[in-house]
Number of protein chains: 2
Amino acid sequence: MSTTRGARARAREEVTAAIKDEARRQLAAEGAAKLSLRAVARELGMVSSALYRYFPSRDDLLTALIIDAYDSIGKAAEQADAALLKKAAKSADSKAGAIAPVRRWVTVSEAVRAWALAHPHEYALIYGSPVPGYTAPMTTVPAASRIGLLFFGIVRDAYQGRGIAEPPLPEELRPEAERLGADLAPDLPPAVVAALVAAWAQLFGLIGFELFGQFNRVVEDRATFFTHAATQLAHGVGLVLPRE
Amino acid sequence: MSTTRGARARAREEVTAAIKDEARRQLAAEGAAKLSLRAVARELGMVSSALYRYFPSRDDLLTALIIDAYDSIGKAAEQADAALLKKAAKSADSKAGAIAPVRRWVTVSEAVRAWALAHPHEYALIYGSPVPGYTAPMTTVPAASRIGLLFFGIVRDAYQGRGIAEPPLPEELRPEAERLGADLAPDLPPAVVAALVAAWAQLFGLIGFELFGQFNRVVEDRATFFTHAATQLAHGVGLVLPRE
DNA sequence: CGGTTGCGAGAGCACTGCTCTCGCTTGAGA
DNA sequence: TCTCAAGCGAGAGCAGTGCTCTCGCAACCG
């Protein structure tokens, strides 16, 4: 087991976690630009050079935080979906145990937005402009995919259930849509996959504009506005209206 | 006139412009994070402290670059629209001199995307995460509004021309949509204004995802993909299909 | 012409990421 | 059980940063 892996290895994990925690604190407080290795070390009562035993550079620390942030937002989205499904399974208002796909889509979208509003600097880290000399390492890919996969799951369930209204697909886009479909979801119509990818990006456009201040002095009731826009996006990928 | 305003004032403007030019060069080459006042001064053959006669802080220099970037992207979008209108006015394939609103919308969208691809770091500066301790000054507002105003102009022309297909507006969103409409475009139906604002944000979501690497290993033929998505956004705000 | 003002140069402060060396401690193999 | 390499923290140090302050020189205005 991992408990008997020696005190050394355990201490290393604890220190690594403490560094990440303190770094995350500074990130949340001041933003990625002001995250300072020396300040983290100072707060932890160690000297700055010791920190390099755990992270070879500041960018590596940031990369670790990026992966954690992707995991955190992905987990929040998945939990919102699971809670909705669980609630629907218990209550009697669900027909044959199936919940309206649009409602799942909107619920997950709102969970993503809520996480972003609660962790603005971490959101900026993963969905804003790449911070350092960038080139996000391959390591981040699986964690970054979780939200996309979740949306694919919702659309797939709808497709295999009551079916979806296939969006239009102009001839020029067909090759790319088929390539996308083959790569991401061979069981779904290419038009749906293409529309889903577009909706995915557009969703984060809405969140980014709200978070980064583009909606200041423009949109006031942002929650309602977002819910409506997310609903429209769901319709755009072919999810039909809820019956309720 | 401004030419006789004294050699002093003229020299000041020249130096200010030279600083911004060099700063923009470094921004384009390395990104906002690596923009260094000292490096700018060094490149210009002056000492770093002299630079503070022109910009009171690094953030003020960045703010100046932000305003310039907003103006630049806004100008690019306006020119693309003007060129399209001019071309249509000359050629005979336009009915009554009116060009399909969808085509204007898509052309402007593509111009915005092209500017973003050509100036990724400047785009990140204005539409990515706010860089320093942020709080974008009021000064940037007018320059930032140009693209939004342009889209409003396109929709307004369509509305006053052959009309537009009013998007759905659920009851919950009505108050916010009416507030938006009163603020931004009292002559347009509130449902259209709300849809336009959402489409505006979603458009930049598409561009941001492409630019910041979220589409890596996902979307290949990004130009075609974007054109289709932009077209769908135009439909979403009620612009009808082109007849051609 | 004299005095105010704008401006460049230089030194300096506090901070950053990062490297290197020096000892102490730990833990696995002989 | 002893040994010795590996892991680790401390400290000094380098090159770079944003920014401040003071000092002279030059240009401009009355």
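In what follows, chains carry the letters A, B, and so on, assigned in the order in which the sequence lines appear, proteins first and then strands, with residues in each chain numbered from 1.
- Salt-bridge check for Arg179(B) with Asp221(A): failed, with every basic side-chain N at 4.0 Å or more from each acidic carboxylate O.
- Checked against dC18(C), dT16(C), dT17(D), the side chain of Leu37(A) finds its nearest nucleotide in dC18(C).
- In this structure, Leu35(A) reaches the sugar-phosphate backbone alone: every heavy-atom distance under 4.0 Å involves primed, P, OP1 or OP2 atoms, never a base.
- dT19(C) atom P lies 15 Å from atom CZ of Arg58(A), rounded to whole Å.
- Between Leu51(A) and Leu44(A) the shortest side-chain heavy-atom distance does not fall below 4.5 Å.
- Glu110(B) places a side-chain heavy atom less than 4.5 Å from the side chain of Phe226(B).
- Classification of Lys75(A) and Asp71(A) as a salt-bridged pair fails, no side-chain N sitting under 4.0 Å from a carboxylate O.
- Regarding Leu44(A), its CG atom lies at a distance of 11 Å from the P atom of dG9(D), rounded to whole Å.
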Secondary-structure notation, DNA chain D, from Watson-Crick and G-U pairs under 3.5 angstrom (| other strand): ||||||||||||||||||||||||||||||

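- Using a 4.0 Å cut-off, no side-chain N or O of Arg10(B) falls inside it from OP1 or OP2 of dA27(D).
- Residue order along DNA chain C, read from the 5' end via each residue's closest nucleotide, puts Arg42(A) first among Arg42(A) and Pro56(A).
- Look at Ser36(B) and you'll find a side-chain N or O under 4.0 angstrom from OP1 or OP2 of dG18(D).
- The interatomic distance linking Lys34(B) (NZ) with dG17(C) (P) rounds to 13 Å, in whole Å.
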Contact pattern, 5' to 3', of nucleotides 5-12 of chain C - B, S or - by protein heavy atom under 4.0 Å: -BBBBB-B

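- Annotation: side chain of Val40(A) is in contact with side chain of Leu35(A) (closest heavy-atom distance under 4.5 Å).
- Contact detail for Met46(A) and Val15(A): the closest heavy-atom pair is CE-CG1, 4.2 Å.
- Annotation: side chain of Phe152(B) is in contact with side chain of Val193(B) (closest heavy-atom distance under 4.5 Å).
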Derivation of the side-chain hydrogen bond (donor to acceptor under 3.5 Å, both in side chains) call for Thr63(B) and Asp60(B): CA-CA 5 Å; Thr63(B) 301; Asp60(B) 289 88; 5.5 Å; no

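- A salt bridge is absent between Arg25(B) and Glu43(B): the closest approach of a Lys/Arg side-chain nitrogen to an acidic carboxylate oxygen does not fall below 4.0 angstrom.
- One can place OH of Tyr52(A) at 13 Å from C1' of dC14(D), the figure rounded to the nearest angstrom.
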